[in-house]
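Contents: one structure, followed by commentary.
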Protein chains: 2
Amino acid sequence: MPNAPDVLFRTLADPTRRALFERLCREGEKTVGALTARAGVSQPVVSKHLGILKQAGLVRDRHEGRQTHYSAQLGALAPLVDWTSEMAGFWQNRFNDLEDLLKRMDQ
Amino acid sequence: MPNAPDVLFRTLADPTRRALFERLCREGEKTVGALTARAGVSQPVVSKHLGILKQAGLVRDRHEGRQTHYSAQLGALAPLVDWTSEMAGFWQNRFNDLEDLLKRMDQ
DNA sequence: ACAGCGCATAGCCTATCGGCTATGCATCAA
DNA sequence: TTGATGCATAGCCGATAGGCTATGCGCTGT
């Protein structure tokens, strides 16, 4: 059972998939057909990628007749932000430690 | 020529590689041997991953005798933060647009 | 009822990737 | 000088991932 950042990194690593997510962020809800039209890949591929994005919690789908509308779930990016902040935090702590060390050496 | 977030996502997508980067963030500079000791994979694999991390600008190396010390370059995470902010921004704009629409409809 | 449309699923093929072992190359110690 | 150590490189291999076509299935409209 991989943790959240792992799933997000793996899901967003593929350019085609990330492009789909970006379009949903920029342009809002879209049908599979609308997404396929400008995706540069076939419709089954788009459906597959959308399924993976959905599994990662990055999009939700809404069925309306024979169409499926997808939209971005921006909250799902939170673990990514957390991870980045955490890494930056460690960096900051090490910097503080260094400062402390220098201070102690100065005395 | 892939753009910056693409390289970062692809580089950080692999768990082993991301674990190496995390250790360098948490614990600071480490030699290849020290990293290999707890990486769970062979030394050549560690070297390979460090090379990929270096290419992505996420780490730098410092040669000292026959050892190579690697350390995290946290600034390289900036494009990731930018990308996330951009996506969040689009979300916010769409939300504002919706508010405007509702306001106009209300009149 | 039936033909067409929108999307999902199945199955296949190829390329890439992440792991390994073997080896090379420099540096340090004896 | 010679053997050992630390890391990088080369070459191989199986698994996975992302693309395709073919097909299934439910909804729509005639």
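Chain naming here is simple, since letters A, B, ... match the order of the sequence lines and numbering starts at 1 in each. These numbers come from the heavy atoms of this one structure, side chains and all, not from hydrogens, waters or symmetry mates. The model shown is predicted, which means the values in this text are computed figures rather than measured ones.
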Distance in angstrom units between A:R17 CZ and D:dG18 C1', rounded
8 Å

Can B:M87 be reached from A:I52 by stepping across I, L, V, M, F, W or Y side chains whose heavy atoms are under 4.5 Å apart?
no

Is there a continuous path of hydrophobic side-chain contacts, each under 4.5 Å between heavy atoms, that joins B:V81 to B:L74?
no

Indicate, with a heavy-atom threshold strictly under 4.0 Å, whether B:T16 touches base, sugar-phosphate, or nothing.
sugar-phosphate

Separation of atom CG in A:L20 from atom P in D:dG18, rounded to whole Å
12 Å

Output for pair (A:T11 OG1, A:H49 NE2), nearest 0.5 Å, gives 11.0 Å

Verify the neighbour count for atom CZ of B:R60: are there more than 12 heavy atoms of other residues, nucleotides or ligands below 6.0 Å?
no

Rounded to whole Å, how long is the line connecting atom NZ of B:K30 with atom P of D:dC7?
13 Å

What contact category does B:V41 fall into here, base, sugar-phosphate, or nothing, at under 4.0 angstrom with non-hydrogen atoms?
sugar-phosphate

Rounding to an integer number of Å, can you tell me how far A:D14 CG sits from C:dC17 C1'?
14 Å

Starting from C1' on D:dG6, measure out to CZ on B:R62 and report it in whole angstrom.
15 Å

In the 5'-to-3' direction, what one-character label does each nucleotide of nucleotides 2-8 of chain C receive under the scheme B = base within less than 4.0 Å of a protein heavy atom, S = sugar-phosphate only, - = no such atom?
--BBSBB

B:L53 CG to C:dG18 C1', straight-line distance once rounded to whole Å
14 Å

Does A:L12 offer a backbone N or O that forms a donor-acceptor pair with the side chain of A:R18 under 3.5 Å?
yes

Between P of C:dT16 and CD1 of B:I52, the distance in whole Å
14 Å

Working to the nearest 0.5 angstrom, can you tell me the gap between B:L50 CG and B:F21 CZ?
12.0 Å

